[in-house]
A.B. asks: 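One structure coming up, written as structure tokens, with questions to follow.
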Amino acid sequence: MRQDDTQPEGGADGPGKRASAVVVGGGLAGVTSALALADAGLDVTLLEGRPRLGGLAFSFQRGELTVDNGQHVYLRCCTAYKWFLDRVEGAHLAPLQERLDVPVLDADRHRLGRLRRTALPVPLHLAASLATYPHLSLAERANVGRAALALKGLDPADPALDNQDFGSWLAAHGQSKRAIEALWDLVGVATLNAVAGDASLGLAAMVFKTGLLSEPGAADIGWARVPLGDIHDGLARKALDSAGVRTELRTRVTSISRSKNGNWRVEVPGETIEADTVVLAVAQAETHDLLPDGALDEPDRLLGIDTAPILNIHVVYDRKVLKKPFFAALGTPVQWVFDRTEASGLAQGQYLALSQSAAQDEIDAPVAALRERYLPELERLLPAAHGARVLDFFVTRERTATFAPTPGVGRLRPGARTNESGLYLAGAWTATGWPATMEGAVRSGITAARAALTALDRPHDHLFEEAA
Ligand SMILES: Cc1cc2nc3c(=O)[nH]c(=O)nc-3n(C[C@H](O)[C@H](O)[C@H](O)COP(=O)(O)OP(=O)(O)OC[C@H]3O[C@@H](n4cnc5c(N)ncnc54)[C@H](O)[C@@H]3O)c2cc1C
């Protein structure tokens, strides 16, 4: 529900003055909070240190190419991110596949398999695909089915699961090294940003249960057919402007404190902004630095939430070498490959982006070494790449792409509320139950806004439906 600016003011300030909020951080969490608070009638200022909105999911220009810092996908079960896309009027720019269909290419065995779903009810929707998945033996496929059913019985919110690692659980449930590589890690590394052995069982259960075992269509994949920045920056800015949010870019918040009159004082170079409510939607380390004393019982726990890198390798060929929009790979360091030609605005040739998650070993590798390693791998996977000329090769490195989903991370992630009234936390790293995703970021932004509106006694709608 969007409220009219002329509506009587309520909340902490009483009649005559509109309740005000400052949102710090213009990533997806902050933009979402700002929109939700403005839609409920608050006077909102959004402060972002960089010259653009979108945080970790953005685009930049390289000659004629508009490049995403990293390939981003979402799933049909990401109902909050879907809400965001609708709210900024960008859903048509990031459509979902009609039905899950992931080509999986084995570089060693030169075989193509497909992870597909049917319209049958869960878990039969994946049964046919699993039964014919060529990258696993018959016995491995049967074991995968058994493990999936066992996974379905887990409660991702159970704190005991958070302390265990997914890899040990898979091994204890009869999963071979090959099954982990060709199936569990294929999906898990891309969604969790960690291999199974390094991932919390709770987060892995969350991903696999919600994505693969909740509804037949839950794992259908969506991705932006335009540069991410068109949605997360351009359209987001337009939506914020029409909602009446004052958005300040290149505006880094240096401190947050309580003034004598009880309001919050948010300091930026050259200005102090006062507000009833502050949503701090920045990464965990920055949150730690900006949090006023006493806002969390153990603020140093935030520093225990580690980060994990994602590397993207960008290759422009002089001709088309890949017919499909994307594929995943086995038996090679290449993980997921997307065709970004159209989205980037490239007029001739083909532009592929390789998304390399859990990239601890390669995040600092020199471009020349990555080139030497990955171009032959692409030739091995894509015969048409033989003889094609490479017109451009570059990499984007996100060293702190996500929080590390390590066992035990769950107890370190704080909720939206702090000990201070009127001060809330948001960000994909907060306690959303999700791994670090666009979905988690949007959820956290909504949760923080709802907590603020509840404290202000403001009515607010439920903004999105949970996936089943
Ligand atoms: C390469 C890569 C690939 C990814 N792939 C996927 C994917 O396929 N699917 C998916 O769902 N997720 C993916 N993610 C994760 C997703 O992008 C993030 O989880 C999400 O964007 C985080 O949003 P956020 O708002 O929580 O945080 P951020 O995006 O980090 O936003 C925080 C913002 O706060 C600003 N800020 C910090 N300090 C201050 C300050 N003092 N004052 C003002 N502003 C400040 C920062 O500049 C930033 O804009 C990927 C991430 C990367 C990097």
Side-chain angles (χ1 to χ4, degrees), residues 22-34 45-59 67-75 77-78 80-82 84 94 189-193 207 211 221-224 228 231-233 236 247-256 266-269 273 278-291 307-314 326 335-336 338 353-359 363 395-403 405 425-430 432 434-445 447-448:
V22 169
V23 177
V24 185
L28 291 173
V31 171
T32 298
S33 261
T45 303
L46 173 62
L47 303 171
E48 166 55 51
R50 292 190 187 141
R52 47 159 182 79
L53 299 172
L56 284 163
F58 70 97
S59 311
V67 176
D68 287 353
N69 67 316
Q71 176 63 45
H72 278 66
V73 305
Y74 71 104
L75 305 180
C77 61
C78 296
Y81 182 64
K82 188 74 178 41
F84 176 88
V189 169
T191 46
L192 292 160
N193 201 16
V207 163
I221 297 177
W223 68 96
L228 275 179
I231 303 174
H232 296 165
D233 185 19
T247 303
E248 297 292 340
L249 302 177
R250 296 187 175 86
T251 305
R252 209 170 174 75
V253 171
T254 52
S255 89
I256 298 170
V266 178
E267 308 273 350
V268 299
I273 305 169
V278 171
V279 175
L280 194 46
V282 303
Q284 58 270 38
E286 280 98 342
T287 300
H288 179 268
D289 292 348
L290 286 173
L291 267 184
T307 57
I310 300 179
L311 176 73
N312 269 243
I313 294 173
H314 309 261
F326 69 91
Q335 294 177 10
W336 289 69
F338 284 79
L354 280 60
S355 179
Q356 302 290 117
S357 299
I363 196 69
V395 302
T396 44
R397 307 172 200 267
E398 292 289 354
R399 291 179 176 77
T400 57
T402 68
F403 72 82
L425 304 181
W429 58 276
T430 59
T432 64
W434 284 70
T437 48
M438 300 188 287
E439 174 71 6
V442 172
R443 273 174 187 256
S444 75
T447 305

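As the structure lists them, so they are numbered: ligands from 1, and atoms in each ligand from 1. Residues take their numbers from the sequence shown, with the count starting at 1. Side chains included, hydrogens not; waters and symmetry mates left out as well; all remaining heavy atoms used.
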A.B. asks: How far does CD1 of Ile221 sit from OH of Tyr74, to the nearest 0.5 angstrom?
C.D. replies: 11.0 Å
A.B. asks: Indicate yes or no: does an N/O atom of Ile310 lie under 3.5 Å from an N/O atom of ligand 1?
C.D. replies: no
A.B. asks: Any side-chain heavy-atom pair from Trp336 and Gln71 closer than 4.5 angstrom?
C.D. replies: no
A.B. asks: Output the list of atoms in ligand 1 that are nearer than 4.0 Å to some heavy atom of Gly55, sorted by atom number.
C.D. replies: 29 (O), 31 (O), 48 (C), 49 (O)
A.B. asks: Mark the output for His232 as yes if a heavy-atom distance to ligand 1 is under 4.0 Å, and as no if none is.
C.D. replies: no
A.B. asks: Of the choices Val442, Val73, Thr437, which has the non-hydrogen atom that lies closest to atom 9 (N) of ligand 1?
C.D. replies: Val73
A.B. asks: Based purely on interatomic distance, does Leu290 place a nitrogen or oxygen under 3.5 Å from a nitrogen or oxygen of ligand 1?
C.D. replies: no
A.B. asks: Less than 3.5 Å between some nitrogen or oxygen of Ala401 and one of ligand 1, yes or no?
C.D. replies: no
A.B. asks: With atom 13 (C) of ligand 1 as the reference point, say which of Arg52, Glu248, His72 has the nearest heavy atom.
C.D. replies: His72
A.B. asks: Please identify which atoms of ligand 1 are closer than 4.0 Å to at least one heavy atom of Leu47.
C.D. replies: 43 (C), 44 (N)
A.B. asks: Do Phe326 and Val73 make a side-chain contact, defined as non-hydrogen atoms from C-beta onward lying under 4.5 Å apart?
C.D. replies: no
A.B. asks: I'd like to know if the side chain of Thr254 and the backbone of Glu267 have a donor-acceptor N/O pair within less than 3.5 Å.
C.D. replies: yes
A.B. asks: Which of the numbered atoms in ligand 1 are under 4.0 angstrom from any heavy atom belonging to Ala441?
C.D. replies: 22 (C), 23 (O), 24 (P), 26 (O)
A.B. asks: Please could you name the atoms of ligand 1 that Ala29 approaches to less than 4.0 Å, counting only its heavy atoms?
C.D. replies: 25 (O), 26 (O)
A.B. asks: Using distance alone, determine whether Val282 and ligand 1 share an N or O pair under 3.5 Å.
C.D. replies: no
A.B. asks: Rounded to the nearest 0.5 Å, how far apart are CZ of Phe403 and CG of Leu192?
C.D. replies: 9.0 Å
A.B. asks: Return yes when Ala283 approaches ligand 1 closer than 4.0 angstrom through a heavy atom, no otherwise.
C.D. replies: no
A.B. asks: Kindly confirm or rule out an N or O of Glu48 lying under 3.5 angstrom from an N or O of ligand 1.
C.D. replies: yes
A.B. asks: At a 4.0 Å threshold, what atoms of ligand 1 neighbour a non-hydrogen atom of Gly427?
C.D. replies: 26 (O)
A.B. asks: Check each of Ala57, Ala190, Gly222, Gly70 against atom 1 (C) of ligand 1 and report the one with the nearest heavy atom.
C.D. replies: Gly70
A.B. asks: For atom 44 (N) of ligand 1, what is the nearest protein heavy atom, given as residue, atom name and distance?
C.D. replies: Gly49 N, 3.1 Å
A.B. asks: Apply side-chain hydrogen bond (donor to acceptor under 3.5 Å, both in side chains) to Glu398 and Asn69, showing your working.
C.D. replies: CA-CA 8 Å; Glu398 292 289 354; Asn69 67 316; 2.8 Å; yes
A.B. asks: Below 4.0 Å from ligand 1: does a non-hydrogen atom of Thr400 turn up there or not?
C.D. replies: no
A.B. asks: Please evaluate residues Trp429 and Thr287 with respect to the criterion side-chain contact (heavy atoms from CB on, under 4.5 Å), reporting the C-alpha separation (whole Å), side-chain torsions for both, the decisive distance (0.1 Å), and the verdict.
C.D. replies: CA-CA 11 Å; Trp429 58 276; Thr287 300; 3.3 Å; yes
A.B. asks: For Leu28, is at least one N or O under 3.5 Å away from an N or O on ligand 1?
C.D. replies: yes
A.B. asks: Identify, by atom number and element, the atoms of ligand 1 in contact range of Gln71, meaning under 4.0 Å from any of its heavy atoms.
C.D. replies: 3 (C), 5 (N), 8 (O)
A.B. asks: Is there a protein heavy atom less than 4.0 Å away from atom 27 (O) of ligand 1?
C.D. replies: no
A.B. asks: Return the CG to CG distance between Leu47 and Leu280, rounded to the nearest 0.5 Å.
C.D. replies: 11.0 Å
A.B. asks: Check if Ala281 has a non-hydrogen atom at a distance under 4.0 Å from any atom of ligand 1.
C.D. replies: yes
A.B. asks: Does Ser33 use its side chain to pair, donor to acceptor, with the backbone of Gly445 at less than 3.5 Å?
C.D. replies: yes
A.B. asks: Would you mind running through ligand 1 and noting each atom that sits below 4.0 Å from a heavy atom of Val24?
C.D. replies: 42 (N), 43 (C)
A.B. asks: Which atoms of ligand 1 sit under 4.0 Å from any heavy atom of Glu398?
C.D. replies: 1 (C), 53 (C)
